**Student:** 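Pasting a structure here, questions to come.
Quick caveat: nothing in here was measured; it's all calculated off a predicted structure.
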Protein chains: 2
Amino acid sequence: MSQQSPRTVLIVDDESSIREMLAIALEMAGFKTVQAENAASALKQIASRLPDLMIVDWMMPNVSGLELCRRLRRNPDTASIPLILLTARVEEGAKITGLEVADDYITKPFSLRELVARLKAILRRTTPKGIEEPVEYGNLRLDPVGKQVTASDRLLALSPIEYRLLQLFMTNPNRAFSRTQLLDRVWGGDVYVEERTVDVHIRRLRKTLGTELSDLIQTVRGMGYRFTIGTNYTD
Amino acid sequence: MSQQSPRTVLIVDDESSIREMLAIALEMAGFKTVQAENAASALKQIASRLPDLMIVDWMMPNVSGLELCRRLRRNPDTASIPLILLTARVEEGAKITGLEVADDYITKPFSLRELVARLKAILRRTTPKGIEEPVEYGNLRLDPVGKQVTASDRLLALSPIEYRLLQLFMTNPNRAFSRTQLLDRVWGGDVYVEERTVDVHIRRLRKTLGTELSDLIQTVRGMGYRFTIGTNYTD
DNA sequence: TTAAATTATTACAAAAATGTGACGACGGTA
DNA sequence: TACCGTCGTCACATTTTTGTAATAATTTAA
């Protein structure tokens, strides 16, 4: 049974009719959908919550879909979101230009069945990398499928937030996150809590990790926190 | 993490009490604020100095806030200023119409904390940071992503100021900085500290770098300091 | 060489940042 | 209903960082 949390697809198109059609088709296929009618709105949605995949219309007023994709690619946080470009163009040149930034493209008119199929294909080959593969450092192991964390084969009891924190850390080792970034990516961009709340949850995470493993989560003074591996210290 | 020059927020509202409340809240959050009580005044303020973000009341006499936003969007100079619409309307129609021109909207009554949070979120995503590549000279390596510095793979414990100092030096090798320049670029242009304080921090940086690497930071007598690489000396 | 100018070093107290425990709120559940 | 786990926030403790002044060391100019 593939009852993971449903994938979220962000549909970016200026025509509401197309958005609606796609939304219905995708929701029937078991996806969650979010819509945006322009690039600015899309960026806002993304800031609020990272989608698992995006369908972007090539031709849009102001910022074109292509330009939106380029901007997404430049930002490390969004660079890995799989993209499907929706285009009416059939020319080879356009195809190639589009593929440089997109993972796939579909020319209008298109069959919904085909779209869904391609979408699933892309998710199949892009998600296992980050989301479903267990991450492991030393004897600490995080299993995204079972949402379980084990240390030396002992199961750790993590709260939901602790789990997401650890997952973010373990999938981005040696990267410092500010409290704001953590709030954005663990809590979600649309939740407003005190920055210091992060400290408390770091504390709780460290506590459940135990004395040995808690060293993995380091304080970066004046900045935030970092999951550090493979470095020697000389303090 | 607000060591950048303070952002300026232009508040446009016909009710002075609301303007004042917003101004106080925002200034407590570290922003500079400018106020305007109508669209004309707002345009004047903008002409005098471009704000980093605007909060605009939807309902205003004469030109409505929405109309003001539209005019701003039409002008290339002001089109990219992020906008937050302040509105009492809750209807879906209003939301959608508003979002076409604004980056976000907040319905009255609103929580100041939420407003500040959203405002920061908008600034965060409209001011994308450049891609940060590690800098490396010899066995000294500074990693902006992890905010860590290693010497021969040993992690150095730098304080925030030491880190920023070293980052400035390493990204501008062989360039001499005066103490004033260092204060501007490491401390930020809006703080007042003694010039001699720089000396102390240089000393601290040299100390944490260790005897070998401390030679990299050279004193330029009568001028300031310089990060020197690839040069041999024969005094 | 000496005196003046400049920088290095040290110590210390204030300020800032982070760690920590506790409390109440909230939703789910027996 | 009461219980339980989780969460956000606060108050207070602890640690680190920072600015400054005092003093030592060094360089420069005459």
**Student:** With heavy atoms under 4.0 Å as the rule, sort B:I202 into base, sugar-phosphate or nothing.
**Tutor:**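 Nothing, no heavy atom under 4.0 Å.
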
**Student:** Report the relative orientation of the aromatic rings in A:F227 and A:Y137; use parallel for angles under 30°, tilted for 30 to 60°, perpendicular for over 60°.
**Tutor:**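 Because their plane-to-plane angle lies in the 30° to 60° range, the rings of A:F227 and A:Y137 count as tilted.
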
**Student:** Are A:Y225 and C:dG19 close enough that a side-chain N or O sits under 4.0 Å from OP1 or OP2?
**Tutor:**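 Yes, A:Y225 has a side-chain N/O under 4.0 Å of OP1/OP2 on C:dG19.
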
**Student:** Whether B:W187 contacts D:dG19 is assessed here as follows: a side-chain N or O lying under 4.0 Å from the phosphate OP1 or OP2. Is that the case?
**Tutor:**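 Yes, within the criterion.
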
**Student:** Applying a 4.0 Å non-hydrogen cut-off, can you work out what B:V198 is touching in the nucleic acid: base, sugar-phosphate, or nothing?
**Tutor:**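 Here B:V198 touches no strand at all.
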
**Student:** Starting the side chain at C-beta, find the nucleotide from C:dT7, D:dG19, D:dG8 nearest to A:V193.
**Tutor:**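 My answer, after comparing the listed nucleotides, is D:dG8.
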
**Student:** Any side-chain heavy atom of A:Q218 within less than 4.5 Å of one from B:L155?
**Tutor:**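 Of all side-chain heavy-atom pairs linking B:L155 with A:Q218, at least one is under 4.5 Å.
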
**Student:** How many whole angstroms separate atom CG of B:L158 from atom P of D:dT16?
**Tutor:**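 After rounding, the gap between these two atoms is 15 Å.
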
**Student:** Do the side chains of B:D199 and B:R179 get close enough for a salt bridge, i.e. N-O under 4.0 angstrom?
**Tutor:**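 A salt bridge links B:D199 with B:R179.
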
**Student:** Please determine whether any donor N or O and acceptor N or O are separated by less than 3.5 Å between the side chain of A:R206 and the base of C:dG19.
**Tutor:**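 Result: no qualifying N/O pair found.
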
**Student:** Would you kindly give the CG-to-C1' distance between B:L205 and C:dT9, to the nearest whole Å?
**Tutor:**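 So the CG-C1' distance, B:L205 to C:dT9, works out to 15 Å.
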
**Student:** How would you label the contact of A:T197 with the nucleic acid (heavy atoms, under 4.0 Å): base, sugar-phosphate, or nothing?
**Tutor:**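 Base contact.
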
**Student:** Atom CZ of A:R204 to atom C1' of C:dA22: distance rounded to whole Å?
**Tutor:**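 Going from CZ in A:R204 over to C1' in C:dA22 covers 10 Å.
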
**Student:** What does A:Y163 touch in the nucleic acid at a heavy-atom separation under 4.0 angstrom: a base, only the sugar-phosphate, or nothing?
**Tutor:**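 Since no nucleic acid heavy atom lies under 4.0 Å of A:Y163, the category is nothing.
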
**Student:** B:I161 has a side chain; which of D:dC10, C:dA17, D:dT18 sits nearest to it?
**Tutor:**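 The answer is D:dT18, which lies nearest to the side chain.
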
**Student:** Given C:dT7, D:dT6, C:dG19, identify the nucleotide with an atom nearest to the side chain of A:D199.
**Tutor:**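 Nearest to the side-chain atoms of A:D199, counting from C-beta on, is C:dG19.
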
**Student:** Does a nitrogen or oxygen in the side chain of B:T219 sit under 4.0 Å from OP1 or OP2 of C:dT6?
**Tutor:**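 Checking B:T219 against C:dT6: no side-chain N or O falls below 4.0 Å of OP1 or OP2.
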
